[in-house]
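What you see below is based on every heavy atom in this structure, not just the backbone, and it leaves out hydrogens, waters and symmetry mates.
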Amino acid sequence: MGLSILKSKIVVISVFFLIFFLNACEKTPTTPSINNTSQLHEIKAPYWIQEPQKLTSFEAVGMSPVNFQGMHVQRTEAITHAREILAQRIHSCIGSVEKKKLKVSGSIMQKSYLSITEAITEVLLHNSYQADAYTDKKNNLFVLVRVKFSPEIQKILGDFKTIKERQLTSLRTKHFSIEPLLKKRCYSKSVLLQIQTKSPMYHEKPIWFYRPNYDSKNITGIGIAEQVSSTNFISQKNTAEMLAKLSIVKRVHTFINSYNKFQKIVLHDEVGKIFDWRTETKSADKVDNVVVKDIWMSPVTCELYIWSSEK
């Protein structure tokens with residue numbers, strides 16, 4: 001009797017271990033955790049962040065962390081950071097080319113070489129623009145700034161070898177939906193229904209936030225205004241429009257000033273090439289032909305975004 005009980009226990013234990021090993025060897029699919037799921041939906045960083053060594057001398061990347069003052073300040077800081085780096089890269093590149101071209105040998109030549117290099121750097125820097133942007137999972141903002149190689153700029157560079165920029169990858173966009181904004185209730189429904197964003201959306205924002213010139217050959221500007229409890233929607237919209245226009249005016253103004261300075265240096269210097277072309281001498285204070293191309297409001301922060309362009 002005792003022997004049969006012992007045999008029964010041995011059989012039970014054997015079956016238990018057999019089941020255990022079978023389960024251990026079986027490959028069962030695993031369900032991704034919440035963190036893994038969020039990583040699956042995270043947008044991949046563009047090449048200009050992953051491979052900074054592939055940037056040309058006329059490109060630079062700036063970064064800005066989240067700013068409590070809002071996206072307007074954060075974006076301004078990122079672009080400013082990028083342009084500071086870009087100025088150094090352009091100066092180094094143009095300086096080496098000018099030095100070889102002028103064959104610096106004396107103090108007078110040295111002065112000429114430095115003044116021309118500074119002047120060209122300033123013109124190129126003031127003809128730079130935001131080509132792309134990216135936000136990571138911590139909402140840090142990265143901005144790619146490039147020099148716009150217009151025919152005028154190419155004439156300034158003269159025989160300088162044209163840089164081939166790497167083409168930006170196409171973005172997977174979707175149509176705008178006003179539902180998230182209506183749920184947020186930044187304003188009354190009748191007011192919010194006025195915000196009908198026309199452009200495609202990418203990564204929870206209009207595509208023009210990332211690529212302001214994506215479908216425009218003219219100078220564009222973006223204005224971002226926070227919602228202030230003491231004001232209404234009209235006031236917020238006017239502020240955003242003003243900021244967008246100011247960004248266009250500033251770009252036109254700085255380019256004209258830098259080009260005029262460049263001309264004076266070239267014309268008054270013994271060494272240098274005199275250009276026989278003229279720019280359009282429009283005053284930056286008279287840029288009235290600015291139109292609003294699109295409008296969008298963040299359903300997270302209630303900030304209002306305006307995208308404007310020269311006609």
Item to complete: Please step through side chain to side chain contact (heavy atoms under 4.5 Å, CB included) for the pair C302 and K184, ending with a clear verdict.
Response: CA-CA 8 Å; C302 293; K184 178 65 175 179; 3.9 Å; yes
Worksheet item: Do E179 and L182 pass the side chain to side chain contact (heavy atoms under 4.5 Å, CB included) test, and can you show the C-alpha distance, the side-chain angles, and the key distance before you say yes or no?
Response: CA-CA 5 Å; E179 293 304 318; L182 294 177; 4.1 Å; yes
Item to complete: Applying ring pair (Phe, Tyr, Trp, His ring centres under 6.0 Å), run through Y210 and Y202 and close with a yes or a no.
Response: CA-CA 8 Å; Y210 300 96; Y202 171 75; 5.2 Å; yes
Discussion item. Let's go through M71 and K205 carefully: what are the C-alpha distance in whole Å and the side-chain angles of both, what is the deciding distance for side chain to side chain contact (heavy atoms under 4.5 Å, CB included) to 0.1 Å, and is it a yes or a no?
Written reply: CA-CA 12 Å; M71 180 55 73; K205 287 183 177 64; 4.2 Å; yes
Practice prompt. Mind running side-chain hydrogen bond (donor to acceptor under 3.5 Å, both in side chains) on S128 and R146 for me, showing each step along the way?
Written response: CA-CA 5 Å; S128 62; R146 283 176 170 174; over 6 Å; no
Worksheet item: Yes or no on side-chain hydrogen bond (donor to acceptor under 3.5 Å, both in side chains) for E118 and H91, after CA distance, side-chain angles and deciding distance?
Response: CA-CA 7 Å; E118 291 287 348; H91 191 278; 3.1 Å; yes
Worksheet item: Going through the checks in order, is the side chain to side chain contact (heavy atoms under 4.5 Å, CB included) test met by W307 and T197?
Response: CA-CA 10 Å; W307 181 42; T197 304; over 6 Å; no
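In the hydrophobic cluster analysis, where Ile, Leu, Val, Met, Phe, Trp and Tyr join through side-chain heavy atoms closer than 4.5 angstrom, I295 is grouped together with F176. By the criterion of side-chain heavy atoms lying less than 4.5 angstrom apart, applied directly or through intervening Ile, Leu, Val, Met, Phe, Trp or Tyr residues, L141 is not grouped with L243; the two fall into different hydrophobic clusters. Taking hydrophobic clusters as Ile, Leu, Val, Met, Phe, Trp and Tyr residues chained together by side-chain heavy-atom distances below 4.5 Å, V143 shares a cluster with Y214. Y129 and L246 are assigned to two separate hydrophobic clusters, defined by single-linkage of ILVMFWY side chains at heavy-atom distances under 4.5 Å. When the side chains of ILVMFWY residues are joined at heavy-atom separations under 4.5 Å, either directly or via intervening members, M242 and I219 end up in two distinct hydrophobic clusters.
No more than 12 heavy atoms of other residues, nucleotides or ligands sit less than 6.0 Å from atom CD of E204. Atom NZ of K237 sits in a sparse spot, with 12 or fewer heavy atoms from other residues, nucleotides or ligands closer than 6.0 Å. In R166, the CZ atom is crowded: over 12 heavy atoms of neighbouring residues, nucleotides or ligands sit closer than 6.0 Å. Around the CD atom of Q53, the shell of radius 6.0 Å holds more than 12 heavy atoms that belong to other residues, nucleotides or ligands.
Between H72 and E77 there is no side-chain heavy-atom pair separated by less than 4.5 Å. Between M201 and P206 the shortest side-chain heavy-atom distance falls below 4.5 Å. Between S64 and F142 there is no side-chain heavy-atom pair separated by less than 4.5 Å. Side-chain contact check for V147 versus I90: some heavy-atom pair is nearer than 4.5 Å. Within the 4.5 Å cutoff, the side chain of N232 has no heavy atoms near those of the V191 side chain. With contacts defined as side-chain heavy-atom distances shorter than 4.5 Å, the pair E226/L304 does not qualify. Counting heavy atoms from C-beta outward, F58 and E165 have side chains that stay 4.5 Å or more apart. Within the 4.5 Å cutoff, no side-chain heavy atoms of K189 are placed close to those of L192.
Within the 3.5 Å criterion, the main-chain N or O of K148 finds a donor-acceptor partner in the side chain of N127. In this structure, D294 contributes its side chain and K198 its backbone to a donor-acceptor pair below 3.5 Å. At distances below 3.5 Å, at least one donor-acceptor pair connects side-chain atoms of T239 with backbone N or O atoms of S235. Judged by distance alone, the side chain of E241 and the main-chain N or O of V291 form no donor-acceptor pair under 3.5 Å. Side-chain atoms of Q74 come within 3.5 Å of backbone atoms of N139 as a donor-acceptor pair (strictly under, hydrogens ignored). Formation of a donor-acceptor pair under 3.5 Å by the S96 side chain with backbone atoms of C93 is found in this model. R89 places a side-chain N or O within donor-acceptor distance of the main-chain N or O of T56, the cut-off being under 3.5 Å. Judged purely by atom type and a 3.5 angstrom limit, D132 has no side-chain atom pairing as donor or acceptor with the backbone of L144. Judged by distance alone, with hydrogens and angles left aside, the side-chain atoms of E59 form no donor-acceptor pair with the main-chain N or O of A131 at under 3.5 Å.
Here the CD1 atom belonging to I224 is positioned 10.5 Å from the CD1 atom belonging to I306, to the nearest 0.5 angstrom. The NE2 atom of H126 sits 9.0 Å away from atom NZ of K261, with the distance rounded to the nearest 0.5 Å. Atom CD of Q194 is separated from atom CE of M297 by 10.0 Å, given to the nearest 0.5 angstrom. Between C186 atom SG and L181 atom CG the span is 5.5 Å, to the nearest 0.5 Å. In this structure, OG1 in T135 is found 13.0 Å from CE in M63, a value given to the nearest 0.5 Å. Atom CH2 of W208 and atom CH2 of W296 lie 8.0 Å apart (nearest 0.5 Å).
Nearest approach of S309 to N218, heavy atoms of both residues: OG-CB, 3.6 Å. The minimum heavy-atom distance linking I195 with I178 is given by the pair O-CD1, 3.5 Å. The two residues A82 and A60 come nearest to each other via the heavy atoms O-CB, 3.3 Å. For I222 against P212, the heavy-atom pair with the smallest separation is CD1-CG, 3.9 Å. Taking both residues in full, the closest heavy atoms of S247 and G221 are given as OG-CA, 3.2 Å, listed atom of the first, atom of the second, then distance. Between E303 and Y305, the shortest heavy-atom distance links the atoms O-CD1, 3.6 Å.
Side-chain contact, E122 with Y259: no donor N or O sits under 3.5 Å from an acceptor N or O.
Counting only residues at least two apart or in different chains, disulfide (SG to SG under 2.5 Å) contacts with residues 191-248 are absent.
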